[in-house]
Protein chains: 2
Amino acid sequence: MEIERRRGTPTADELRVWREYVETGERIRSAMAGAMQRRTGISSGDYAVLLALSEAEGRRLRSSALADAAHWERSRLSHHLPRMERRGLIRREDCATDDRGAEVVLSAEGLRVFRQASAAHFGLIRELFVDALTPEGLAQAHEVSAALSEHLRAR
Amino acid sequence: MEIERRRGTPTADELRVWREYVETGERIRSAMAGAMQRRTGISSGDYAVLLALSEAEGRRLRSSALADAAHWERSRLSHHLPRMERRGLIRREDCATDDRGAEVVLSAEGLRVFRQASAAHFGLIRELFVDALTPEGLAQAHEVSAALSEHLRAR
DNA sequence: GACGCGTGATTGACGCGTCAATCAACAGAC
DNA sequence: GTCTGTTGATTGACGCGTCAATCACGCGTC
């Protein structure tokens with residue numbers, strides 16, 4: 001019966017599509033990360049932080065706000081920021097209104113690197129993703145992602 | 001802010017689909033990894049190694065063959081195997097025909113864990129992926145992955 | 001003003017991944 | 001036999017990510 005069948009092991013076809021989906025995604029992310037590193041010297045993580053800061057009021061954010069903006073755990077940020085600070089991309093300042101808090105500030109160098117990285121990032125999105133797909137393909141990618149995403153959300 | 005379309009710069013729509021694609025993929029992988037860890041106590045990496053070994057002749061492989069089967073770098077394997085050995089999932093033996101080589105052998109415990117993990121793995125593929133998609137959605141996922149994959153290959 | 005609790009942020013331990021360097025053993029040329 | 005270059009595999013340094021524990025401050029209550 002159908003309900004019963006749906007609960008079982010995926011078919012060979014379904015498994016094949018799953019594997020394709022996962023492996024392709026992995027290769028694309030890895031290609032993106034590698035090319036960003038080579039072309040601009042920063043990682044995807046760095047880029048996410050720089051992006052969030054560049055869009056913030058005064059190019060500065062409380063570190064928890066930064067974590068929220070990038071969908072990161074705070075502890076991940078606490079590990080990552082010292083590495084970026086060491087390279088002069090950001091600096092941390094004490095928060096005026098809350099002595100517990102820290103503010104993360106985009107440095108001039110960080111802004112410069114970010115602008116450069118953005119161009120590379122957009123170029124790579126086109127090279128790796130957009131150029132690979134027809135307009136219908138892009139629409140399909142949207143539908144598939146939306147379906148998967150909605151299913152995850154509703155879980 | 002005026003958005004001037006330049007060669008190489010994706011449109012807002014294209015960017016949105018890209019972001020959806022990447023973020024959804026990330027969430028699915030992370031959900032898979034987390035659930036596997038919780039339900040079976042092993043990571044995706046462990047699973048890949050156990051899978052390759054379980055399919056091998058005599059449930060043993062030269063470590064380079066194992067690396068190839070899992071599409072891993074050898075050094076990654078060299079770091080990973082001691083962790084798995086410590087937990088009794090595999091053991092390493094000297095290779096009879098080549099004194100440089102090592103053979104990785106699936107232990108009885110490793111096989112037991114693998115069988116259990118396989119069931120969980122298949123179940124999760126259905127829960128996270130197959131159940132989210134209609135048959136047409138599955139076909140679309142295949143087409144999109146194939147197009148992206150082919151584009152990457154041809155790059 | 002002292003106590004208790006929630007919250008902002010960091011730390012340490014550990015797993016995971018890549019890269020470059022290393023080391024040991026093989027294989028062919030001489 | 002011994003060079004020489006190649007191959008199988010490991011190591012160390014470092015970046016990255018999560019989890020649990022911790023520290024420091026803010027704030028309401030008494």
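Fair warning: this is a prediction, and the values are worked out from it, not measured in the lab. Proteins come first, then strands; the chains are lettered A, B, ... in the order of their sequence lines, and each starts at number 1.
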Of A:T97 and A:S44, whose nearest nucleotide on DNA chain D comes first from the 5' end?
-> A:S44
Between B:A102 and A:D46, whichever has its closest DNA chain D nucleotide further toward 5' is B:A102
What is the distance, to the nearest angstrom, from the [atom1] atom on [X] to the [atom2] atom on [N]?
| X | N | atom1 | atom2 | value |
| --- | --- | --- | --- | --- |
| B:H80 | C:dC16 | NE2 | P | 5 Å |
| A:R74 | C:dA9 | CZ | C1' | 6 Å |
| A:W72 | C:dG8 | CH2 | C1' | 18 Å |
| B:E103 | D:dG8 | CD | P | 14 Å |
| A:R92 | C:dA9 | CZ | P | 11 Å |
| B:E73 | D:dT11 | CD | P | 17 Å |
| B:M36 | C:dC16 | CE | P | 13 Å |
| A:M84 | D:dG15 | CE | P | 13 Å |

Could you tell me the separation between the CD atom of B:E14 and the CZ atom of B:R16, rounded to the nearest 0.5 Å?
-> 10.5 Å
Euclidean distance, A:L133 CG relative to B:W18 CH2, rounded to 0.5 Å | 11.0 Å
Reckon B:S64 touches a base, only the sugar-phosphate, or nothing at all at heavy-atom distances under 4.0 Å?
-> sugar-phosphate
Give one of base, sugar-phosphate or nothing for A:G101, where a contact means two heavy atoms less than 4.0 Å apart.
-> sugar-phosphate
Any luck finding a side-chain donor-acceptor pair between B:H142 and A:D13 under 3.5 Å?
-> no
Please check if any side-chain donor atom of B:Y47 sits under 3.5 Å from a side-chain acceptor atom of B:S118, or the reverse.
-> yes
Phosphate oxygens OP1/OP2 of [N]: is one of them under 4.0 Å from a side-chain N or O of [X]?
| X | N | answer |
| --- | --- | --- |
| B:S43 | C:dG15 | no |
| A:S63 | C:dA9 | yes |
| B:R62 | D:dA9 | yes |
| B:R86 | C:dG15 | yes |

Could you tell me which nucleotide pairs with C:dG8 by Watson-Crick or G-U wobble geometry, both distances under 3.5 Å, or answer none if nothing does?
-> D:dC23
Could you check B:R100 against A:H79 and say which one's nearest nucleotide on DNA chain C is further toward the 5' end?
-> A:H79
Pairwise 5' ranking along DNA chain C for A:P82 and A:D98, keeping only the more 5' one = A:D98
Say whether, by atom type as modelled, one donor and one acceptor occur between the side chain of A:S107 and the main chain of A:L89 under 3.5 angstrom.
-> yes
Classify the side chain of A:S75 and the base of D:dC19 as holding, or not holding, a donor-acceptor pair under 3.5 Å.
-> yes
Does a distance-only test, which skips hydrogens and angles, find a donor-acceptor pair under 3.5 Å between the side chain of B:R76 and the base of C:dT18?
-> no
Does the distance from a Lys or Arg side-chain N to an Asp or Glu carboxylate O, for B:R83 and B:E85, drop under 4.0 Å?
-> no
